[in-house]
Amino acid sequence: MDVSHILDELNENQREAVTASSKYVLVLAGAGSGKTRVLVHRIAWLVDVEQVASYGIMAVTFTNKAAAEMRSRIEALLGRPAGGMWVSTFHSLAHRMLRRYYEEAKLDKNFQIIDSDDQLRLVKRIMKSLELDPKQWPPRQAVWFINEQKDAGLRSQHIDDSNNYQTQILNKVYAEYEVICQRSAVVDFAELLLRSLELIRDNPSIQDHYQQRFKYILVDEFQDTNELQYAWLRLLTGKQTTLFAVGDDDQSIYGWRGAKIENIQDFSRDFPNSQLVKLQQNYRSTGNILKAANALIEQNQSRLGKELWTKDDDGELIKLFTAFNEVDEADFVISHIQKWVKNKGKYSDATILYRSNAQSRVFESNCIEQNIPYRVYGGLRFYERAEIKDALCYIRLTANPNDDSSLERVINHPPRGLGQKTVSVIREYARDNEISMWHACQQFIKGKVLNNRATGLLAHFIALIEAMAISREDRLQDHFANAIKRSGLKAHYTKKEGRDKGQGRSENLDELVNAASEFNYQPESEHRNFNELTAFLSTTALDAGNTNKTNDCVQMMSIHSAKGLEFPLVFITGLEQGLFPHQNSIAEGNLEEERRLCYVAITRACQQLCISYAEQRQLFGQTKPTIPSIFLNEIPSELIDDMRGHRQRWNVTPPGMKQKSRVDTNATVFAIGQLVTHNKFGEGVVINTEGSGKSARINVNFYQSGYKWLIIHYANLRAL
DNA sequence: CCCAAGGTATTTTTT
DNA sequence: ATACCTTGGG
């Protein structure tokens, strides 16, 4: 058999991983070392060489994007569709199992998935009905508690709260939440995993079925698995199962949402006689970038140990820019990008990374002023938009009217006279009688419990949903168009928000109909056991529709969202104590995860890496001096080109600072960044100005005596 | 039912 | 600074 197409383009270690014969294999794949390539080639090896049926292979990822990429690369390498192979996210796989065995999982046939926004709303309502003061008991904290318990595999009944009042209260919310979800026939994200874990664990025949079927399980980004996902994998890994896990402990940056770095660290203990393969040759970055990354991550104590190397040259030094403030920092970054573009490059070569999303503002306004195309990643996704969720809640009700969560959202939206009072009567009645709100509504209409007006309005609402439900048998797009039309949402938004904004919402609703018409329903494979409507609704919950337009523009994103990506030119900004590493992480003692985050950031760069910090930064409305990040000290200075010395000082007002930096006074006009001299304090740099006329003040960072606020009128400053 | 005023928090994100 | 949420008055 000719295996050259699978092995030819691999290095020695990659081949070892792809052809490994051990039952349990852990591949420690450094950044840019060909991790996905190894997974894809491994699967091709199994199918083409070891003659494993596609049907017997399961590949698990965390994101839909990764799953889609993996599947398409597998099919490209095999030269045919990988039918029967399960290549999906944890949640999507769990979901498939639950649709297949909904009865054993004790779920309604038409159960729906709620997203984190729905979950928060639901928890808020429950806490309100339990009369918990939201100031004392923040709903977000309760959501966090519930998800944390589920991720640990615990139901409310398993939790010992006898010694802790706070746990008692939170667990009471959890218990009530479980009841409402079950009655509403909805499951949240963590529930998908927990429910399918319980399904496999409590039904030996089902466990046996999956263990017989999937003899080859492959896991991507293994360092990001949480306790529940790990337990789920172990339940599926039977005596005959081959488990192939790929990950990088140095890139574990999701500890804060439950990822257990221990899962990768303890792999060899939990899976005896496992084979460890390290991929350390990097195909992405220059030598200097890798040296910096290696030196930084070496400061972490708990590591499996790995050092990246490249056949590539050292390349350029890492540029370090010390900015006066965040505006100056943005100006440096953007002008540097301009230079890059003038030379040879494209805008899309460049990415600006930051620790927290709020930092994007300054870069954005600079781009706007200079007419530079840019794109910020990580905003609201399509299916999370309010108007889309509104429409989907109507549609969800047509599939499953018992969904209280959806009913609450739309019963009076757009307003139809069913205000808080009426809704709370319905809610209480449903709760007391242990029925869904939909059933409560029906009983209210028959029983005339409410006054005539409310009864009539309620009957009207019920009739509306029922009328929408009739079109359920139509083509998906017609069903959607009908529901949207009858809901009155478009008119509502146009009236409330005026033409421009309302029109945007209206267009989004049309886009939803489009999405329905383009939906690829696959009853033979992916959507077996799903009807078309349920399949679509599940997709909207599990795959929130990332719009990936690749125009030529500068990209801005948090370091977390940059994981897995690479760019020729990378800026890491805001390297200041408290910002990066973040204050909260320092306080929680999570410095190692912050350092891994910095490692991820550095290893995104292919050719040129620029890092920067500001000497003072505005945060929460206050400008404060900063301390440079300790990570700067951990990068060897011989790798750094410190631009502080040889960057030209401003002799014109930098763009974007015309308003803020100039002061209207008869005295000299000073720009931020300008060098000035003072009779007593000597030379310094203008940091900020404030006020106007004779009371105008100026903030100068003097080289000798530090920061001073001076009244311009009296200070007698001279520009240099 | 809508709007304005005031209080509060403000890391990172996928499913 | 600012965005989000609750609350009170019209």
Expressed as a whole number of angstroms, how long is the span from [X]:[atom1] to [N]:[atom2]?
X	N	atom1	atom2	answer
A/Y377	B/dT12	OH	C1'	18 Å
A/Q420	C/dT6	CD	P	10 Å
A/R140	C/dC4	CZ	P	11 Å
A/K135	B/dT8	NZ	C1'	9 Å
A/W144	B/dT15	CH2	P	22 Å
A/W232	B/dT15	CH2	C1'	13 Å
A/L579	B/dT12	CG	C1'	12 Å
A/H413	B/dC1	NE2	P	12 Å

Base, sugar-phosphate or nothing for [X]? Non-hydrogen atoms, less than 4.0 Å.
X	answer
A/D224	nothing
A/G378	nothing
A/E588	base

Does the aromatic ring of A/H91 sit over the six-membered base ring of B/dT15, closer than 5.5 Å centre to centre and tilted less than 30°?
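Check failed, A/H91 does not stack on base of B/dT15.
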With the criterion set at under 5.5 Å between ring centres and under 30 degrees between planes, would B/dT13 be stacked on A/Y254?
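So no, this residue does not stack on that base, at least one cut-off failing.
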Below 4.0 Å: OP1/OP2 of [N] and any side-chain N or O of [X]:
X	N	value
A/R381	B/dT14	yes
A/R361	C/dA3	yes
A/N412	B/dC1	yes
A/S558	B/dT13	yes
A/S561	B/dT13	yes
A/N357	B/dT11	no
A/N584	B/dT12	no

Comparing A/L418 and A/M557 on DNA chain B - which has the more 5′ nearest nucleotide
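Closest to the 5' end, via its nearest nucleotide, is A/L418.
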Basic-acidic side-chain contact under 4.0 Å: [X], [Y]:
X	Y	result
A/K389	A/E384	no
A/D115	A/R381	no
A/R361	A/E364	no
A/K563	A/D224	yes
A/D249	A/R303	no
A/D151	A/R257	no

Between the base of B/dT12 and the side chain of A/S585, is there a donor and acceptor pair under 3.5 angstrom?
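Flag unset: no donor-acceptor pair detected.
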Say you pick atom P in B/dT12 and the same atom in C/dC5; how far apart are they, in whole Å?
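The answer is 16 Å between these two P atoms.
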Determine the interatomic distance between C1' on C/dA3 and the same-named atom on B/dT14; round to the nearest Å.
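My reading of the C1' atoms in C/dA3 and B/dT14 gives 24 Å.
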If you check every side-chain atom of [X], which of [options] has the closest atom?
X	options	value
A/P415	B/dT15, B/dT12, B/dC1	B/dC1
A/F620	B/dT12, B/dT11, C/dA3	B/dT11
A/R257	B/dT14, B/dT11, B/dT12	B/dT14

side-chain contact (heavy atoms from CB on, under 4.5 Å), that's the test. Do A/F530 and A/H95 meet it? Break it down for me.
CA-CA 10 Å; A/F530 297 57; A/H95 182 221; 3.0 Å; yes
